[in-house]
Amino acid sequence: MSLNVSILLIIVGSAIVTFIPRVIPFIVIRKIGLPKIVIKWLSFIPICIFTALIVDSFIIQDESLLSIDWRVLATIIPTLIVAIWTKSLSVTVIVGIVCMATIRFVF
């Protein structure tokens, strides 16, 4: 398998362009002290993003009707219980993947 230099440069450039916006905010914020109210507000962002992803996954819009994808809801419930019980992101992700894979295999 040969590697074209232009493809390699595109991959490296894409990695740099992706890496920079993810790292620079952490470098800037580390040197600047944020007010407590901003830190408290930022603590809610992961919850909001998670909720938006979950709601978008299990609510289906067919023309003008809204319905629920029961397979996704059946996956969310045990995953949420494990997340609350273990408070471990990796265990929660693994349980969610296994639950969804099992439900898709069965149904």
Side-chain angles (χ1 to χ4, degrees):
M1 181 167 130
S2 66
L3 183 63
N4 192 347
V5 175
S6 62
I7 292 176
L8 180 63
L9 290 175
I10 290 171
I11 292 171
V12 170
S14 298
I16 291 170
V17 169
T18 302
F19 183 74
I20 289 173
R22 293 180 185 199
V23 171
I24 288 180
F26 290 109
I27 293 171
V28 171
I29 294 296
R30 185 174 40 174
K31 298 183 188 230
I32 298 173
L34 294 174
K36 290 188 184 235
I37 191 158
V38 174
I39 293 173
K40 184 174 182 178
W41 177 76
L42 287 173
S43 72
F44 292 110
I45 289 179
I47 296 168
C48 295
I49 292 172
F50 180 70
T51 304
L53 290 171
I54 295 297
V55 169
D56 184 51
S57 296
F58 81 91
I59 294 180
I60 303 169
Q61 183 175 3
D62 296 327
E63 296 171 12
S64 63
L65 299 172
L66 291 177
S67 60
I68 295 175
D69 187 352
W70 294 103
R71 296 179 306 162
V72 174
L73 189 61
T75 301
I76 290 171
I77 294 169
T79 304
L80 185 62
I81 292 169
V82 167
I84 292 170
W85 183 48
T86 65
K87 295 186 180 18
S88 168
L89 179 62
S90 56
V91 172
T92 303
V93 169
I94 291 169
V95 168
I97 290 171
V98 169
C99 286
M100 193 67 198
T102 304
I103 288 173
R104 284 185 178 173
F105 182 72
V106 172
F107 297 105

Starting from the C-alpha separation in whole Å, work towards a yes-or-no answer on side-chain contact (heavy atoms from CB on, under 4.5 Å) for Arg22 and Thr18. CA-CA 7 Å; Arg22 293 180 185 199; Thr18 302; 3.8 Å; yes
Under the side-chain contact (heavy atoms from CB on, under 4.5 Å) rule, what do Asp62 and Ser67 come out as? Steps first, then yes or no, please. CA-CA 8 Å; Asp62 296 327; Ser67 60; 3.9 Å; yes
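- Annotation for Gly96 and Thr75: closest pair O-CG2, 3.6 Å, computed over non-hydrogen atoms.
- Around CD1 of Ile37, the count of heavy atoms belonging to other residues, nucleotides or ligands within 6.0 Å does not exceed 12.
- Distance OG/Ser43 to CD1/Ile39: 9.5 Å, rounded to 0.5 Å.
- Residues Val55 and Trp70 share a hydrophobic cluster, clusters being chains of Ile/Leu/Val/Met/Phe/Trp/Tyr side chains in contact below 4.5 Å.
- One finds the CD1 atom of Ile68 at 6.0 Å from the CZ atom of Phe58 (value rounded to the nearest 0.5 Å).
- When hydrophobic side chains of Ile, Leu, Val, Met, Phe, Trp and Tyr are connected at separations under 4.5 Å, Val23 ends up clustered with Phe19, Ile27.
- In terms of the side chain to side chain donor-acceptor pair (under 3.5 Å) criterion, residue partners of Ser90 (sequence neighbours excluded) are, by chain and number, Ser88.
- Between atom OG1 of residue Thr79 and atom CD1 of residue Ile94 there is a gap of 11.5 Å, rounded to the nearest 0.5 Å.
- Partner Ile54 forms a side chain to side chain contact (heavy atoms under 4.5 Å, CB included) with one of Leu73, Ile59, Ile76, Ile49 and no other, that one being Ile76.
- Contact record, Ala83 with Thr92: CA-OG1, 3.3 Å, taken as the closest heavy-atom pair.
- Nearest heavy atoms, Met100 versus Arg71: SD-O, 4.4 Å.
- Val95 and Trp85 are not part of a single hydrophobic cluster, where members link through side-chain heavy atoms under 4.5 Å apart.
- Heavy atoms only, all atoms of each residue included: Pro78 and Ala74 are closest at CD-O, 2.9 Å.
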With side-chain contact (heavy atoms from CB on, under 4.5 Å) as the test, would you mind laying out the steps for Asn4 and Leu8 before giving the verdict? CA-CA 6 Å; Asn4 192 347; Leu8 180 63; over 6 Å; no
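- If you chain together hydrophobic residues whose side chains sit under 4.5 Å apart, Val72 and Ile60 never meet in one group.
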Test side-chain contact (heavy atoms from CB on, under 4.5 Å) applied to Ile77 and Leu80, step by step: CA-CA 5 Å; Ile77 294 169; Leu80 185 62; 6.0 Å; no
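- Taking both residues in full, the closest heavy atoms of Val38 and Leu34 are given as CG1-CD1, 4.2 Å, listed atom of the first, atom of the second, then distance.
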